[in-house]
Every structure is written in C-alpha cells, then in structure tokens.
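One-based numbering, in listed order, for ligands and for the atoms of each. Computed over heavy atoms, backbone and side chain alike; hydrogens, waters and symmetry mates excluded.
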Amino acid sequence: MESEGYSPLFETKAVKGRVVYRVFAASIFVGICLIWSYRVKFVAEGGGRRLGWLGLFAAEIWFGFYWVITQAPRWNPIRRRTFKHKLSQRHEGEFPGVDIFVCTADPEMEPPAMVISTVLSVMAYDYPPEKLSVYLSDDASSKLTYYALMEASQFAKHWIPFCKKFNIQPRSPAAYFASHIDHQGKEVDFIQTLYKDMENRINYAVKLGRVPDEIQSSSKGFSQWESYASRKDHNTFLQIVIDGRDPKAKDVEGSVLPTLVYLAREKRPRYFHNFKAGAMNALLRVSSQISNGQIILNVDCDMYSNNSDAIRDALCFLMDEEKGHEIAYVQFPQLFDNITKNEIYASSLRVINEVELPGLDSFGGPLYIGTGCFHRRDVLCGKKYSKGYRNDWNSKDYRNSGDDVNELEEKSKHLASCSYEENTEWGKEMGLRYGCPVEDVITGLSIQSQGWKSIYCNPERGAFLGVAPTSLIQTLVQHKRWSEGDLQILLSRYSPARYARGKISLGLRMGYCTFCLWAVNSLATLYYSIIPSLYLLRGIPLFPQVSSPWLIPFTYVIFAKYAGSLVEYLLAGGTILGWWNEQRIWLYKRTSSYLFALIDTVLKIIGLSDSAFVITAKVTDQEASERYEKEIMEFGASSPMFTIIATVSLVNLLCFLGMVKKAVESGSGLVMTFQAMALQVVLCGTLVVINWPLYEGLFFRTDKGKIPSSLTIKSFTLALATCIAFSLLL
Ligand SMILES: O=c1ccn([C@@H]2O[C@H](COP(=O)(O)OP(=O)(O)O[C@H]3O[C@H](CO)[C@@H](O)[C@H](O)[C@H]3O)[C@@H](O)[C@H]2O)c(=O)[nH]1
Ligand SMILES: [Mn+2]
C-alpha cells in the first residue's frame with residue numbers, strides 16, 4: 001500500500017531546545033563529578049564524622065547515578081499530531097471493531113453512578129456504533145453496579161443521540177451536567193431531568209444497600225445472583241445488556257446502539273484472582289467470543305472519555321499504512337478533573353505526562369499505564385512482532401453472526417471461569433501479565449520486548465479524565481503500590497536492566513529504570529534528610545565551608561537541579577506553589593511509600609509477604625473534600641507512613657532549634673555556624689520550612705483532618721530520643 005503519493009496519518013516533531021538542555025545537563029554532570037571528587041579527596045580527614053561522611057558519599061553516588069538515568073526521558077522529547085480528516089477520507093467505511101473494557105472492583109469506593117457515567121461516555125464516541133462494544137467488568141460482582149448498568153442502557157437511548165446532535169463535550173453525563181449549568185434549552189432540560197432521576201434511583205439503591213425488589217423481579221439478569229455466596233465465591237455473571245444485533249436495540253432517533261455487556265467473572269476462594277490483570281484477561285476472552293473487536297480500549301471506571309475523537313486519534317497511528325503495523329498500543333496520559341490549582345498531593349502527574357512519557361516516545365514508546373490505552377487485540381493476546389505483520393481489521397463480523405443471545409452468553413461464561421486458565425499461557429505469555437501490582441507496566445514492557453513499538457498521544461483536549469487521590473494517605477498508598485510493582489519489574493524476568501537488553505533501546509531501558517528505581521531512592525533520601533541535621537546539632541560539618549572553593553559544585557548542582565525542575569514544572573503548566581508542594585510530596589513519598597515498597601519487596605523475596613492491590617477511593621466525605629478544595633493537607637488516620645514522615649520532620653525541627661540555641665549560647669553566633677556548616681543549615685532549614693503543613697497537622701489544627709494526638713506523641717518521643725541518642729552516643 002506504500003504508494004508514492006502516501007501521506008501519513010500522523011506527524012512527529014522534535015521538541016525545540018534540546019541542545020540547550022543537553023549543555024545544561026552536561027554542566028550538572030560536571031558538578032556531580034566534582035562533588036564525588038571532593039568526597040574521595042577529603043575522606044581521610046573524617047575523624048569523628050567518618051561514618052556520616054561515607055554515608056553521604058554513598059547517597060551522593062546514588063543520587064548522581066539516578067540523575068543520569070533520569071536524563072534519558074529528557075534527551076530526545078517529541079510531540080505527535082494526528083490527521084483525522086485523512087483517516088476519514090481513506091478508511092471511514094472500513095473501521096475496525098473497538099471493544100472498550102471498563103473495570104470496577106468496589107461499589108463503595110467506586111460508586112455505581114460514577115461507573116456508569118464513564119460507561120455512557122465511552123458509548124457516545126464519534127465512531128460507528130455498530131463497531132463499538134462496551135464491557136463492564138465488576139470484580140465486586142455487585143447487584144448495585146449491575147442495576148446501575150441496566151439503568152444506563154435505557155438512558156443511553158436518549159443520551160447518545162443527544163451528544164451527537166449537539167456535538168457536546170464531555171460525554172460523561174455527570175461531568176457534562178456539572179460543568180454546564182446555565183445555558184439551558186428545552187432538550188437539555190429534558191435530558192438533565194432524565195439523568196438526575198436515574199442518578200437518584202441509583203443512589204437511593206446504593207444508600208439502601210440493595211436493589212429494590214420490584215426492580216429485581218422485573219429483570220431476569222438478577223436471578224444469576226441466586227448462586228452468590230460472597231464476593232469471593234460465586235459463578236460467572238454475564239449479561240449482554242444491549243445486543244447490538246438486535247433490531248429492537250435502537251436509540252430514540254432510530255440509530256443502532258453499541259453493544260453493552262456486564263461481566264463478573266467467576267470467583268472461588270481457592271483460586272487467586274490476580275486483581276485487575278485477571279479481570280482484563282477474562283474480558284479479553286469473553287469479548288473475543290462476542291464482538292471480537294480488533295482494537296481494545298481499556299479505562300479505569302473513573303476515567304471518563306473527555307474527547308469523543310480519541311478513537312480516531314488512536315486509529316491514525318494504528319491504521320497508518322506505513323508505520324501503523326509496528327505499533328502495539330497507543331497510550332494517552334492519565335489526567336484528572338479534580339486537581340486543585342496548587343495540587344497539594346502532586347497528583348496531576350504533570351512531569352510524567354508532559355516530560356517523561358513524551359521523552360520515552362522517541363525511544364520506542366511510552367509505558368502502558370493501565371488506563372486510556374488502545375491496544376491491538378492480537379498483541380495483547382501474545383502475538384510477537386514480525387516484519388510482514390498486517391492486521392486483519394475485520395476478522396469476524398459480530399453484527400452478521402446468527403448466534404442466539406442466550407447461547408452466546410452461555411458459551412462466553414465458561415471463558416470467565418476460574419479453572420479456564422489452568423495450564424495455559426494466560427498471565428504469562430498471553431494477556432496481561434500476572435504477579436505484579438503494576439500489571440500494566442510489566443505487560444507493556446513485555447510487549448515492547450517482543451519487538452513492538454508504542455505511541456504516546458496527548459491531544460490538546462484531554463482524552464480521559466479521572467479522579468486523583470484527595471488525601472495524603474491515599475497518595476502514599478497508591479505510590480507504594482506503584483513503586484513496589486515497578487521495583488518488582490526490575491527484579492523480574494522482564495527486567496529493563498537485564499532481560500530487555502538488546503530487545504529495547506538503551507534510552508527506553510533507562511526510562512523504565514527511572515520508575516523501577518523509585519523505591520530504591522528511599523534509602524539515600526532518608527539518610528540525607530536525617531543525618532546532616534543530626535551532625536548539625538552536634539556542630540560537626542559534613543560539607544565544605546563557605547570559604548572553600550569546593551562549595552561551588554555543591555551550590556551549583558543544587559541550584560541548577562532545582563531551577564531546572566522548576567522550569568520543567570512551569571512549562572508543563574504548573575504553578576510555583578504547586579512545584580513547592582510537589583517537592584514536599586516527593587520527600588514524603590520517598591521516605592514512606594518507597595521505603596515500605598522496598599521493605600515489602602524484600603519480604604516478598606524471602607517469602608514473608610505478598611503484594612496486594614489496594615484500590616484508591618474515588619469518593620471523599622463532605623468535610624474532607626472541603627479541605628481538599630482549600631488545599632489543606634488531609635491526615636486523619638494513623639499510619640506507620642505518617643509516623644515516619646512526622647518523626648523525620650520533628651528531628652529536623654529539633655536539630656534546627658538546637659543548633660540556634662547552641663550558637664546563641666556559645667557566643668560564637670549564627671554567622672560562625674553558618675560559615676562552617678552553611679549547607680547543613682540550609683538543608684535542615686529547608687526541611688523545616690517544607691514540613692510546615694505537617695507541623696500544623698501535628699500541633700495547631702483542631703479539625704478532623706489533623707494528625708491524631710497519639711501519633712503526635714509517638715513521633716515526638718521518637719524524634720527526641722533520636723536526637724538525644726545521637727548526641728550522647730556518637
Ligand atoms: O481487583 C481489582 C482491583 C482493581 N481493579 C480496577 O483497577 C482500576 C485501577 O484501580 P485504582 O484503585 O483506581 O488504582 P490506580 O492506582 O488509580 O490505577 C493505576 O495503576 C494501576 C496499577 O497499579 C492500573 O491498573 C490502573 O489502570 C492505573 O490507572 C480500577 O478501575 C479498579 O476497579 C479491578 O478491576 N480489580
Ligand atoms: Mn485510579
């Protein structure tokens with residue numbers, strides 16, 4: 001097909017300014033080398049500070065090494081742009097089937113009304129509805145979620161034609177009505193009333209804790225729950241809620257509806273269910289029996305479609321006549337619709353989305369990050385790349401198959417049973433990979449290692465918006481799962497450090513390592529945020545004095561590194577305060593989430609622990625959500641993670657105050673102390689300033705989001721004991 005007149009469906013452009021960046025990075029590297037030389041040169045003069053000195057040296061070697069790794073995604077950034085009009089001109093009539101998988105796992109943390117808004121948003125894509133099938137996987141096997149989906153299937157008959165007629169965005173009814181309150185017309189009012197009524201009915205059932213009997217008796221689907229023993233013990237529940245082939249399945253304007261399927265795979269206590277990866281694999285098999293779309297879009301249940309063109313964007317890559325056949329998946333960024341201006345939990349993932357993923361795109365493509373990703377079915381099912389590969393877009397036409405819907409359901413159920421995967425390659429060479437808390441990243445890596453490329457697509461109008469964590473503990477727990485999973489990848493058979501050698505480019509391997517080494521950063525960071533402050537308390541310098549020329553590389557590296565990071569953050573659309581907040585979260589993640597991830601990984605290796613998938617809540621109570629809007633940090637519960645960050649913050653406070661007291665008392669004055677230990681004073685002082693919201697939570701706040709008093713006492717005692725022990729023992 002590569003004719004002479006071939007004009008591509010997408011373009012790739014290098015981001016400007018890379019030469020400037022590379023010179024800048026090289027200058028930092030020179031500084032890092034000078035710091036290392038300083039440590040080697042003066043190590044013998046250690047005396048009482050020998051141990052502290054060596055530890056700092058080790059931490060600086062680590063930071064330097066990690067910094068080099070993180071240069072890979074910054075080296076060669078590119079941007080992609082699609083030409084959707086060309087796609088329509090050339091392929092409009094022959095689009096492939098697209099199967100959309102929405103995963104949910106807990107009706108309390110993921111409210112059914114939210115889940116169906118996501119479902120409705122993806123049903124309303126600008127795409128031929130006869131080629132669209134939406135599957136909802138419910139790992140909670142909740143009647144409430146099923147009921148909500150039944151309601152959604154009725155509402156869809158009004159919603160889809162409404163979206164298309166007025167070409168509205170976004171197509172999640174919840175998001176649309178939340179942002180369009182005043183320009184009402186008759187039709188909008190009508191739809192809004194329909195929507196609100198439906199939402200009320202669903203929320204009423206949720207509040208009641210069960211689906212009202214009259215509703216249950218009116219639909220045969222509910223009878224499946226007769227065999228239900230518990231969330232972890234039941235048959236497969238599967239219902240083709242809308243059968244796209246059914247001539248009666250039309251919207252109010254008479255157009256065809258997308259197929260809609262509910263699936264709760266079989267669960268039994270003696271089978272491990274492999275969390276989301278298990279759900280996705282069941283969906284892959286079940287959908288292959290029903291619609292068998294050649295493209296698969298996977299979204300989390302909170303990640304509604306915000307841009308009805310996203311399928312077409314993805315197809316511009318996958319259907320490109322020249323390059324398309326090498327591409328396994330097209331990943332869109334994870335964006336969120338509940339980010340506050342200065343994001344106190346740094347949850348917008350700004351730098352990952354705007355810098356690191358586009359950077360990796362030039363080395364073979366971004367990671368698969370679990371949601372907002374379009375895959376080729378073949379590849380997800382284990383197909384290895386080969387040169388002459390071409391996708392057969394229309395391998396089976398569901399619309400023309402004559403299978404009876406009940407028979408189809410029965411046949412498909414068996415594919416979602418627990419025993420189906422026994423002695424098969426599912427979870428190993430086929431489908432999403434098992435055994436890792438970040439099933440997405442490890443699956444993407446194994447796909448790329450088989451020779452495939454991936455694409456990062458970040459259109460101006462965000463393609464998917466979800467719910468970011470709204471409390472500190474949620475943020476830390478989520479990052480513990482991520483960093484633990486990423487570290488396990490490093491140690492797994494797919495390791496970007498070993499296995500992937502020769503299979504993916506060096507730049508991409510380094511890119512993966514940026515994430516895979518998150519957890520390892522914890523040790524050096526903990527050391528750096530405690531030991532220099534304790535030495536400061538004792539009056540022992542660990543860095544060059546103000547008068548020494550060796551101070552220059554230290555100051556330069558610190559200044560340039562942080563100035564660079566600020567510029568990067570601002571260019572990615574953030575605010576100065578947001579950047580400052582990100583530095584705080586950076587510290588908290590490294591000293592708690594990453595540390596626990598590291599410990600748990602070690603325990604897992606020696607067989608003492610197993611990693612779980614702790615789901616992130618997508619709802620917050622009223623008071624806490626008001627604090628979130630006001631950007632007040634939410635602690636609330638006790639957690640060992642908080643004990644660590646509170647203790648570290650208090651050690652720094654005590655050291656700083658102790659240093660000031662000593663300096664004043666000894667008569668030598670603060671100026672002398674500063675001349676001798678400038679960097680330690682600045683480091684300790686910065687740690688005190690950045691921890692301010694934590695001190696507020698410990699000592700000054702009275703609301704429910706403060707740190708519990710017991711934790712205040714505990715961490716204060718620990719911090720005091722650390723300072724005293726250090727003063728006496730060393
Ligand atoms: O046993 C489970 C557990 C989770 N999920 C679903 O997985 C999705 C992601 O869970 P969430 O709690 O929102 O985690 P996040 O940390 O926000 O998710 C990110 O990280 C995960 C890997 O850690 C990926 O699976 C996700 O796609 C990615 O968005 C949700 O839709 C859940 O319903 C299941 O289907 N089954
Ligand atoms: Mn999520």
> For Phe642, what residues pass the ring pair (Phe, Tyr, Trp, His ring centres under 6.0 Å) criterion, not counting sequence neighbours?
Replying inline: Phe635
> Honestly, is Arg285 close enough over Trp426, meaning NZ or CZ under 6.0 Å from the six-membered ring centre and within 45° of the axis?
Replying inline: yes
> Which protein residues have a heavy atom closer than 4.0 Å to any atom of ligand 1, listed by chain and number?
Replying inline: Cys103, Thr104, Ala105, Glu110, Asp139, His273, Phe275, Lys276, Asp300, Cys301, Gln334, Ile369, Gly370, Thr371, Pro437, Val438, Glu439, Asp440, Gln478, Arg481, Trp482, Phe613, Ile615, Thr616, Lys618
>> Less than 3.5 Å apart, any donor N or O on the side chain of Thr470 or Thr620 sitting next to an acceptor on the other?
In response: yes
> Going by the angle between their ring planes, with limits at 30° and 60°, are Tyr135 and Phe101 parallel, tilted or perpendicular?
Replying inline: perpendicular
> With sequence neighbours excluded, what pairs up with Glu460 under the side-chain hydrogen bond (donor to acceptor under 3.5 Å, both in side chains) test?
Replying inline: none
> By ring pair (Phe, Tyr, Trp, His ring centres under 6.0 Å), which residues pair with Tyr434, not counting sequence neighbours?
Replying inline: none
